[in-house]
There are 2 protein chains.
Amino acid sequence: MAEQTKRIVEENNMGDKIEVINSKVEEVELEEMVDIIVSEWMGYNLLYESMLQSVLYARDKFLKKDGFMFPEKASLYIAPICDEDYIDRLKEWNNMKERYKVCMKSMIPYAQKCMARNVQITCVPQEAIQSHKCEICSLDLRSVTISDLQNIQCSFEMKCFGQSHINGVVTWFTVEFPSAIILSTSPYEESTHWAQSVFHLSQYIDVEQDSMIRGTISIQPNSISNRFLDVVLKYRKDSQKETVQNILMDDKLI
Amino acid sequence: MAEQTKRIVEENNMGDKIEVINSKVEEVELEEMVDIIVSEWMGYNLLYESMLQSVLYARDKFLKKDGFMFPEKASLYIAPICDEDYIDRLKEWNNMKERYKVCMKSMIPYAQKCMARNVQITCVPQEAIQSHKCEICSLDLRSVTISDLQNIQCSFEMKCFGQSHINGVVTWFTVEFPSAIILSTSPYEESTHWAQSVFHLSQYIDVEQDSMIRGTISIQPNSISNRFLDVVLKYRKDSQKETVQNILMDDKLI
């Protein structure tokens, strides 16, 4: 990668202005402080396999006091969804008896349990979304600390558009640059390779117009592999009982 | 998985006829020989991450002399392709100067080199295929041995349909059951989750009608991880010089 970057520098006759250093940022020594740090560190659900810790290390060590961070802000959002495709795929198990002469209805709760433990990376159709978005976190990349990332936790409150069957929540992120330039991975914008992250609920929620879904979400690096994320989702409708769901974002992403 | 299989057995009231054993086949002891072994062991390019070795172990230990293997035969095929999508994606690098004011033409040979070292799992459109298929291997699963799988090697000879620019070869497989029932992963059949395997050539070949592409392909389990495959592809057009290409099928499949 570094060798190829050098080739691109040469190709643009910038060899006298750009120096490519092939090293972990944690192992670099520079003779002067820098004006700007540009890094594409974002992962699925913003923080999965994210390189943000290394970027913050570089910021604290190398960035001038009024230097720029590109991007300078990152925000994560959540909204409830009715995933019709998921419903159809589950219902398929009801057709096995007719198609293959083997009853496989018991696969439905099994598949639901598997889906609720994991995260699906997919582009969510806009019509699946059942409320306005709610902000989970907003990171000011000029000031956020590595320890802030160890436990991101927030409560959410989502007021449903209308009658629906909520079987998941979707998250997406935006990152911002100066002059209000925004890179958005929202389902309302053109799709990106990050798509969106869908968390299928272990407990479905039937809602009416203005039903409130309240809860909390916490996101932590997994204690064994910090590339992975432990997500805890707690949710309830109106004054009903709360459901607690533990999700692991590991390399078995669906 | 075994627990869920038991649930399906119960659901079909077959608990008195079917016993589910949750074990590696290498660790099972049975009191009698079996009439049939049914196993879906096939991987990408037939043998990638394949469980065939375990199936052959079970066959040699447990199958009655005239017992059935389901499937009983597996065949792997190869054909040359002109991958237009690949050409378009490479050409995109020529547009970077106009789009982003950075010349990135040097990415083209770099991308080609990366692509030629790896395998792309994708559904190949029929019109990309530039000759009739050629059989790489045909395994009789009643008699093939584990040592036969350690080095599958064959020569191929492919006579091109017409003028074209060959930038890859595609492989696919079929498996057969008694009564001529065939599961095919051919690009001419309905697509399956195995899709096809595309090996992009490091040396492109311009061909005319009846140009002959001759060569050999060898497929071996990787010496470090036997889930992976080492593939060596040698090819030449007519009487031109042979190109040798080493490909690793590891978990970085594209």
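Reckoned from all heavy atoms, side chains included, excluding hydrogens, waters and symmetry mates. Since this is a predicted model, take the numbers as computed values, not measurements. Lettering follows sequence order; numbering is per chain, from 1.
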We want to know whether [X] and [Y] form a side-chain donor-acceptor pair, criterion being a heavy-atom distance below 3.5 angstrom.
X       : Y       : value
D230(B) : N222(B) : yes
S54(A)  : E26(A)  : yes
E98(A)  : N95(A)  : no
Q112(B) : Y204(B) : yes
Y235(A) : Q245(A) : yes

Just so I understand: if I count every heavy-atom pair under 4.5 Å between each of I8(B), N12(B), V102(B) and chain A, which residue has the most?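 Highest number of pairs under 4.5 Å: N12(B).
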Among the options R7(B), M104(B), E10(B), pick out the one with the most heavy-atom pairs lying under 4.5 Å from chain A.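 Greatest number of close heavy-atom pairs with chain A: M104(B).
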All pairs passing side-chain hydrogen bond (donor to acceptor under 3.5 Å, both in side chains) where residues 179-192 of chain B contributes a residue, at least two apart: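 Every candidate side-chain hydrogen bond (donor to acceptor under 3.5 Å, both in side chains) pair involving residues 179-192 of chain B fails, so no pair, neighbours aside, qualifies.
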Parallel, tilted or perpendicular: which describes the rings of F177(B) and F70(B), with under 30° parallel and over 60° perpendicular?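 Taking F70(B) first and then F177(B), their aromatic rings stand perpendicular (interplane angle over 60°).
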Is it the side chain or the backbone of M107(B) that comes within 4.5 Å of chain A heavy atoms, both, or neither?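 Contact with chain A: backbone and side chain both.
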Any residues in residues 17-25 of chain B near chain A, with a heavy-atom distance under 4.5 Å, and which are they?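 Checking residues 17-25 of chain B against chain A gives no residue, so none.
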